[in-house]
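Keep in mind that what you see is a predicted model, and the values were worked out from it rather than measured.
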Amino acid sequence: MTLRLYDTSARQIRDFSPLEPGCVSIYLCGATVQAAPHIGHIRSGLNFDIMRRWFAYRGYAVTFVRNVTDIDDKIIVKAAEQGRPWWAIGYANERAFNAAYDALGCLPPTGEPRATGHIPEMVEMMRVLIDRGHAYTADGNVYFDVRSFPAYLGLSNQDLDNLRQPAGEGETGKRDPRDFAMWKAAKPGEPFWETPFGPGRPGWHLECSAMAHKYLGRAFDIHGGGVDLVFPHHENEIAQSRAFGDEFARYWAHNAWVTMSGEKMSKSLGNSVLVSEMVKQWRPLVLRYYLAGPHYRSTIEYSPESLREADAAFARIEGFLQRGAELIGDVAQDVPVPDAFAEAMDDDFAVPQALAVVHTTVRQGNAALGEGDKAAVATAVAEVRAMLGVLGMDPLDPAWSGGGQQEGAGLHSVVDSLVGLVLQQRQAARQRKDYAAADALRDDLQRAGLTIEDTPSGPRWELTGD
């Protein structure tokens with residue numbers, strides 16, 4: 001089956017045809033590092049991590065560039081509020097983002113350029129656009145003339161006559177209020193760089209155009225980001241880059257929001273849930289399952305109850321893999337994923353349908369466990385691990401054995417020893433035919449939140465799902 005994805009610019013699902021056979025180039029708008037990441041921020045990284053993994057599974061060589069916006073209005077405001085250098089705020093939060101990506105199992109990008117490291121490329125792009133009549137200088141600012149680019153607003157499908165372009169403070173001298181800033185004139189006390197157009201700093205949109213051009217060339221396959229970036233950010237990137245002469249992105253992919261009480265999760269609204277706090281309450285692997293499980297174009301309405309449901313669902317998968325490992329030991333991990341799983345992933349990265357195949361295989365594996373069919377169990381374990389491996393969610397993978405996972409494994413070991421003592425007492429009671437005492441011990445464990453299962457190899461326990 002041909003891999004297909006929803007292209008925002010076409011407003012439909014399209015067959016994917018790479019620019020270069022066997023290769024995929026992806027540019028993802030990454031962090032603006034004015035604050036530490038909440039789970040809404042990190043969802044984008046997770047969604048595109050899974051896309052990248054699936055392309056690699058399908059045999060593509062993937063170049064994945066995810067930028068860091070380390071200078072913008074919000075960072076400067078935070079610096080003034082906190083009395084700290086702008087670069088110190090940006091660097092601290094960049095590290096927080098990378099820690100969150102690492103905690104949730106995202107593969108490192110091929111490249112992760114910072115905006116402030118690419119001022120010369122931005123200056124050259126502005127020079128060309130001014131020479132071609134697409135941009136102009138005014139009061140030390142450089143603006144893009146939106147009327148010079150007839151295809152403007154094609155991505156967001158808006159009407160220019162009804163457009164209200166977001167404007168920043170100090171953006172004076174515009175010929176048209178809808179023109180957007182590529183370069184912002186220096187203000188007292190703010191960071192600036194010297195350019196032929198005067199001292200100042202880059203506009204947000206210019207940064208990505210310059211970095212995508214440098215690292216992926218005049219044309220690349222997929223540009224990604226959150227749906228909130230369609231306008232103005234991605235629309236303005238397209239105008240700059242194509243007016244400059246680049247074909248730019250051939251497909252546009254956008255992930256939906258994480259919301260709370262129907263509102264986009266946002267630091268400004270005070271309703272954010274920081275990743276650094278969430279991983280103290282939930283295992284990072286469960287948090288990955290929760291955020292990456294819905295379709296990337298579907299909104300996630302966050303609630304503790306929905307996370308508990310995800311925890312219970314993933315526990316059922318883990319429980320099967322643990323029971324299977326106890327019965328059959330190690331199994332081959334290089335088996336192909338089931339056809340139904342591949343068909344789901346090829347169809348616009350339909351992770352919910354792919355996970356449905358995982359759960360179906362788990363149910364079949366549990367039935368095989370009950371029948372003592374080792375061959376069927378081995379097949380099911382191998383397929384489940386193959387599918388979870390593609391999604392970056394295999395709990396038996398060594399990648400999940402560090403940090404919080406080590407702590408959780410240690411706690412599991414302690415609990416296992418304590419429960420084992422109770423199970424020994426229960427077994428002794430059964431052997432002396434004191435079934436009332438055996439049942440009482442089992443009931444005590446169940447009240448403590450454990451499920452006891454008697455198997456041919458002896459009793460085993462697991463946490464009761466919610």
Side-chain angles (χ1 to χ4, degrees), residues 1 3-8 13 16 18 24-31 37 39-66 97-98 100-110 112 221-227 251-258 275 283-300 310 313-314 317 333 336-338 340-359 361 383-395 397 399-400:
M1 180 177 180
L3 197 153
R4 307 169 71 232
L5 76 160
Y6 184 86
D7 180 7
T8 305
I13 293 178
F16 177 73
V24 177
S25 48
I26 303 172
Y27 185 93
L28 175 63
C29 283
I39 59 174
H41 291 131
I42 222 67
R43 182 191 182 185
S44 180
L46 282 171
N47 288 152
F48 284 91
D49 181 66
I50 288 177
M51 288 187 190
R52 172 200 187 167
R53 288 171 181 265
W54 183 247
F55 276 122
Y57 178 84
R58 280 305 201 194
Y60 290 97
V62 182
T63 300
F64 181 63
V65 176
R66 183 183 67 208
F97 266 88
N98 284 332
Y101 290 133
D102 290 345
L104 298 189
C106 293
L107 299 172
T110 311
E112 193 167 27
D221 290 308
I222 300 171
H223 195 313
V227 68
Y251 299 84
W252 288 84
H254 292 92
N255 64 278
W257 293 338
V258 178
V275 176
R283 288 186 303 148
L285 182 51
V286 169
L287 192 56
R288 180 182 177 96
Y289 177 87
Y290 170 71
L291 290 172
H295 195 278
Y296 74 94
R297 291 191 286 115
S298 298
T299 299
I300 298 174
F314 195 76
I317 299 173
Q333 298 180 34
V337 299
F341 180 94
E343 289 171 4
M345 293 299 291
D346 280 341
D347 188 13
D348 195 30
F349 308 97
V351 174
Q353 287 74 23
L355 285 174
V357 180
V358 173
H359 284 284
T361 309
E383 290 183 347
V384 169
R385 292 198 64 190
M387 292 184 282
L388 293 179
V390 169
L391 300 174
M393 300 178 192
D394 179 3
D397 191 303
W400 289 107

Check your understanding: Is it true that a side-chain atom of W400 and a backbone atom of P284 form a donor plus acceptor pair closer than 3.5 Å?
Key -> no
Review point. Among D394, T361, V384, which residue meets the side-chain contact (heavy atoms from CB on, under 4.5 Å) test with I317?
Key: V384
Practice item. Ignoring hydrogens and angles, tell me if any N or O in the side chain of D221 forms a donor-acceptor pair with the backbone of S25 under 3.5 Å. Key: yes
Point to revise | Residues in ring pair (Phe, Tyr, Trp, His ring centres under 6.0 Å) contact with F55, at least two apart in sequence or another chain | key: F16, Y60, F349
**Study point:** Residues which pass ring pair (Phe, Tyr, Trp, His ring centres under 6.0 Å) with Y27, listed by chain and number, not counting sequence neighbours
**Key:** H223
Practice item. Walk me through it: do V227 and W257 pass the test side-chain contact (heavy atoms from CB on, under 4.5 Å)? Key: CA-CA 7 Å; V227 68; W257 293 338; 3.6 Å; yes
Exercise for review: List for me each residue that meets ring pair (Phe, Tyr, Trp, His ring centres under 6.0 Å) alongside Y101, sequence neighbours excluded, and say none if there are none.
Suggested key: none
Review point. Can any side-chain N or O of Y57 pair as donor or acceptor with the backbone N or O of V337 at less than 3.5 Å?
Key: yes
Point to revise | Those residues that, when tested against S298, pass side chain to side chain contact (heavy atoms under 4.5 Å, CB included) (two or more places apart) | key: H295
Practice item. For H254, check ring pair (Phe, Tyr, Trp, His ring centres under 6.0 Å) against everything at least two apart and list the hits. Key: H234
**Study point:** Reported CE-to-CZ distance for the pair M345 and R58, which is rounded to 0.5 angstrom
**Key:** 9.5 Å
Practice item. Apply side chain to side chain contact (heavy atoms under 4.5 Å, CB included) to I13 and list each qualifying residue two or more places apart in sequence or on a separate chain. Key: R4, Y6, R297, D347, D348
Review point. Under 3.5 Å, is there a donor-acceptor pair between the side chain of R288 and the main chain of G392?
Key: yes
**Study point:** Backbone N/O of G226 and side chain of R43: donor-acceptor pair under 3.5 Å
**Key:** no
